[in-house]
Chemist: 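What follows is a single structure, and I will ask about it in a moment.
Proteins get letters first, then strands, A, B, ... in listed order; numbering begins at 1 in each.
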Number of protein chains: 2
Amino acid sequence: MRETTGEQVGTNVSDTALRGFVGYNMKRAFNAVQADLTRTLAPHGLRMITYSVLALVVENPRLRPSALAKALTVERANLVVYVDQLEQAGWVTRTPSSTDRRAYALQATLEGQQVYARAMAAVRDHDQRMLGALDPSDVAVVNKALATIEAQGRSL
Amino acid sequence: MRETTGEQVGTNVSDTALRGFVGYNMKRAFNAVQADLTRTLAPHGLRMITYSVLALVVENPRLRPSALAKALTVERANLVVYVDQLEQAGWVTRTPSSTDRRAYALQATLEGQQVYARAMAAVRDHDQRMLGALDPSDVAVVNKALATIEAQGRSL
DNA sequence: TATTGTTATACTCTATAACTATA
DNA sequence: TATAGTTATAGAGTATAACAATA
């Protein structure tokens, strides 16, 4: 028998008022993904954001910080710190631009490329873990929908 | 003509190395959603997390903090601060449990219920804005997939 | 011994203002 | 005037350790 005057103590807490909203579902899912991804990257000396920065520097040689910040939708001011960390680790270099003395060209060192390659393999495994229970067709729908939602949000 | 020695400066920065991963797409989409939701809730004196706490307290009368923390997957230590804020605003009360002298029962005040009702309407509009460009069938797939991904992540 | 609520603390991400040196 | 990189700072979310009171 349940006491009618007792407190809600068990696992029967209802969150149906929130489950209807994408924002709530996205936050919950993203938190779970982020926790596993953080654990995945830590042994490689990277976090989500520094992994992303390193990936784009590897993929886009001689990338400028301002272009990188725009691509990742990160404030330039914050990007500086992430590049500092990658530079101090010896994985990314800043070389002065030949045409614009305000600007720099970012490049991954050989070690940076190797670290990235190893981390990417781990991230790929992580991704498989997270998506293992889903149909590939659903994954495609989700990725496309996320891009659409992002574009919608940015336009407001 | 493009200089072969120049830096990548334009909008042609490739992030295909990251686009293949759900985590990256989720982070981008969630950031955009969160920015609009933050703007949506600010006039009501709420943030995402305090809105969620208030919602569950309204929906689950006499809820215990520990059960609430578990339902929202939030640390108890952090929940204390959110409840403090809602209590100071006069929207939630802590009353001692009649059966367990360590515990409290959370309840929404009348004003808390009214604030929640108004905020919920705004959140509903926000949700419509974010999903406006998607098929309802895709929304269903996304919500279900997000729940599956979350469950997968939590189990690791 | 375990649980409830709590305090304190540290780390990370995000956002803004303001500065310098160049363009 | 505007832009590139930078510094400083504040707000917010997340995570852990440790404690008193109670179960």
Side-chain angles (χ1 to χ4, degrees), chain A residues 6-10 23-24 26-28 30-39 41-42 45-53 62-70 72-85 87 92 94-106 153-154, chain B residues 6-10 23-24 26-28 30-39 41-42 45-53 63-70 72-85 87 92 94-106 153:
Chain A
E7 292 76 40
Q8 295 228 21
V9 66
Y24 181 68
M26 280 186 53
K27 182 186 172 74
R28 296 188 66 104
F30 177 62
N31 282 359
V33 168
Q34 191 181 33
D36 189 66
L37 190 46
T38 299
R39 283 193 298 268
L41 288 171
L46 291 166
R47 308 191 306 279
M48 265 192 86
I49 187 68
T50 49
Y51 173 81
S52 299
V53 169
R62 299 193 66 71
L63 186 59
R64 280 196 190 185
S66 57
L68 175 52
K70 193 176 177 189
L72 288 175
T73 336
V74 163
E75 293 297 323
R76 279 175 309 156
N78 297 326
L79 181 66
V80 172
V81 181
Y82 308 139
V83 174
D84 282 347
Q85 293 167 358
E87 191 181 40
V92 160
R94 284 187 246 231
T95 56
S97 165
S98 47
T99 54
D100 185 338
R101 280 159 52 197
R102 296 170 303 181
Y104 290 90
L106 301 174
R154 301 259 180 247
Chain B
E7 292 77 39
Q8 295 228 23
V9 66
Y24 181 67
M26 280 185 53
K27 183 188 171 73
R28 294 188 66 103
F30 177 63
N31 282 359
V33 168
Q34 191 181 34
D36 188 65
L37 191 46
T38 299
R39 283 192 298 268
L41 288 171
L46 291 165
R47 308 190 308 278
M48 265 191 87
I49 187 66
T50 48
Y51 173 80
S52 299
V53 169
L63 187 58
R64 280 197 191 185
S66 58
L68 175 52
K70 192 176 178 190
L72 288 175
T73 336
V74 163
E75 293 299 323
R76 278 175 308 154
N78 296 326
L79 182 66
V80 172
V81 181
Y82 308 139
V83 173
D84 282 347
Q85 292 166 0
E87 191 182 40
V92 160
R94 284 187 246 232
T95 56
S97 166
S98 48
T99 55
D100 185 337
R101 277 158 54 195
R102 297 170 303 181
Y104 290 90
L106 301 174

Chemist: Identify whether any heavy atom of B:Ala103 sits under 4.0 Å from a base atom; if not, whether one sits that close to sugar-phosphate; answer base, sugar-phosphate or nothing.
Modeler: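 Contact class for B:Ala103: sugar-phosphate only.
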Chemist: Rounded to the nearest Å, what distance is computed from the CD atom of residue B:Glu75 to the C1' atom of nucleotide C:dC11?
Modeler: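 My rounded result for the distance is 14 Å.
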Chemist: Taking it one step at a time, do B:Val33 and A:Tyr24 satisfy side-chain contact (heavy atoms from CB on, under 4.5 Å)?
Modeler: CA-CA 10 Å; B:Val33 168; A:Tyr24 181 68; over 6 Å; no
Chemist: Given D:dG5, D:dA8, C:dT3, which nucleotide is nearest the side-chain atoms of A:Ala77?
Modeler: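 Looking only at heavy atoms from C-beta outward on A:Ala77, the closest nucleotide is D:dA8.
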Chemist: Mind checking whether B:Val74 and B:Tyr82 have side chains closer than 4.5 Å, heavy atoms only?
Modeler: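 Heavy-atom side-chain distance check passes, below 4.5 Å.
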Chemist: What nucleotide, of C:dG5, C:dC13, D:dT6, holds the atom closest to the side chain of B:Tyr104?
Modeler: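 Of all the options, the side chain of B:Tyr104 is nearest to C:dG5.
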Chemist: Within this structure, what is the CZ-to-C1' distance between A:Arg47 and D:dT14, rounded to whole angstrom?
Modeler: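 It is 14 Å, rounded to the nearest whole Å.
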Chemist: Below 4.0 angstrom from OP1 or OP2 of D:dT3, is there any side-chain N or O of A:Ser66?
Modeler: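 It does not, given that no N or O in the side chain of A:Ser66 lies less than 4.0 Å from OP1 or OP2 of D:dT3.
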Chemist: Can you figure out which of C:dA15, D:dT22, C:dA21 approaches the side chain of A:Arg102 most closely?
Modeler: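 Shortest atom-to-atom distance from the side chain points to C:dA21.
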Chemist: In whole Å, I'd like the distance from the CG atom of A:Leu106 to the P atom of D:dA4.
Modeler: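 Rounded to whole Å, this separation is 13 Å.
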Chemist: Specify the separation, in whole Å, of atom CD1 of A:Ile49 and atom C1' of C:dA15.
Modeler: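 Taking CD1 of A:Ile49 and C1' of C:dA15, I get 14 Å after rounding.
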Chemist: Does OP1 or OP2 of D:dG5 have a side-chain N or O of A:Arg64 closer than 4.0 Å?
Modeler: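 Answer no for this pair, as no side-chain N or O of A:Arg64 is under 4.0 Å from OP1 or OP2.
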Chemist: Expressed as a whole number of angstroms, how long is the span from A:Glu87:CD to D:dT6:C1'?
Modeler: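 One finds 13 Å between C1' of D:dT6 and CD of A:Glu87, rounded.
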Chemist: Specify the residue among A:Arg101 and B:Val83 whose closest nucleotide of DNA chain C lies further upstream toward the 5′ end.
Modeler: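 Final value for this comparison: B:Val83.
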Chemist: Which of these nucleotides, D:dT7, D:dA21, D:dT14, is closest to any side-chain atom of B:Tyr82?
Modeler: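 Comparing D:dT7, D:dA21, D:dT14 against the side chain of B:Tyr82, the answer is D:dT14.
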Chemist: Determine whether A:Leu106 and A:Val83 make a side-chain contact, defined as any pair of heavy atoms from C-beta on separated by less than 4.5 Å.
Modeler: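 Contact flag for A:Leu106/A:Val83 side chains = yes.
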Chemist: Of the non-hydrogen atoms in A:Met48 and B:Lys27, which two are nearest, and what is the gap between them?
Modeler: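 Reported closest heavy-atom pair: CE-CD, 3.8 Å.
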Chemist: Rounded off to whole Å, could you give me the CG-to-P distance for the B:Leu79 and D:dT16 pair?
Modeler: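 Atom-to-atom, B:Leu79 to D:dT16, this comes out as 17 Å.
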Chemist: So, is B:Asn31 near the phosphate of C:dT14, with a side-chain N or O under 4.0 Å from OP1 or OP2?
Modeler: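 Answer yes for this pair, as a side-chain N or O of B:Asn31 is under 4.0 Å from OP1 or OP2.
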Chemist: Quick one: on DNA chain D, does B:Thr50 or A:Ala105 contact a more 5' nucleotide (nearest heavy atom)?
Modeler: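 By nearest-heavy-atom nucleotide position, the 5'-most residue is A:Ala105.
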Chemist: With a 3.5 Å cut-off and heavy atoms only, can you find an N or O donor on one side and an acceptor on the other between the side chain of A:Asp100 and the base of D:dA4?
Modeler: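 No such pair is found, so the answer is no.
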Chemist: In whole angstroms, how far is the C1' atom of C:dT14 from the CE atom of A:Met48?
Modeler: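 So the CE-C1' distance, A:Met48 to C:dT14, works out to 14 Å.
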Chemist: Expressed as a whole number of angstroms, how long is the span from B:Lys70:NZ to C:dT3:P?
Modeler: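 Going from B:Lys70 (NZ) to C:dT3 (P), I get 11 Å.
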Chemist: Atom CG of B:Leu68 and atom CZ of B:Arg76: how far apart are they, to the nearest 0.5 Å?
Modeler: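 Here the rounded value is 12.5 Å.
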Chemist: Taking any heavy-atom pair under 4.0 Å as a contact, classify A:Phe30: base, sugar-phosphate, or nothing.
Modeler: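 A:Phe30: no heavy atom of the nucleic acid under 4.0 Å.
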Chemist: What are the two closest heavy atoms between B:Val80 and B:Arg94, and how far apart are they?
Modeler: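 In this case the closest contact between B:Val80 and B:Arg94 is O-NH2, 4.2 Å.
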Chemist: At less than 3.5 Å, do the side-chain atoms of B:Arg76 and the base atoms of C:dG5 form a donor-acceptor pair?
Modeler: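 Between C:dG5 and B:Arg76, which were checked side chain against base, a qualifying N/O pair under 3.5 Å is present.
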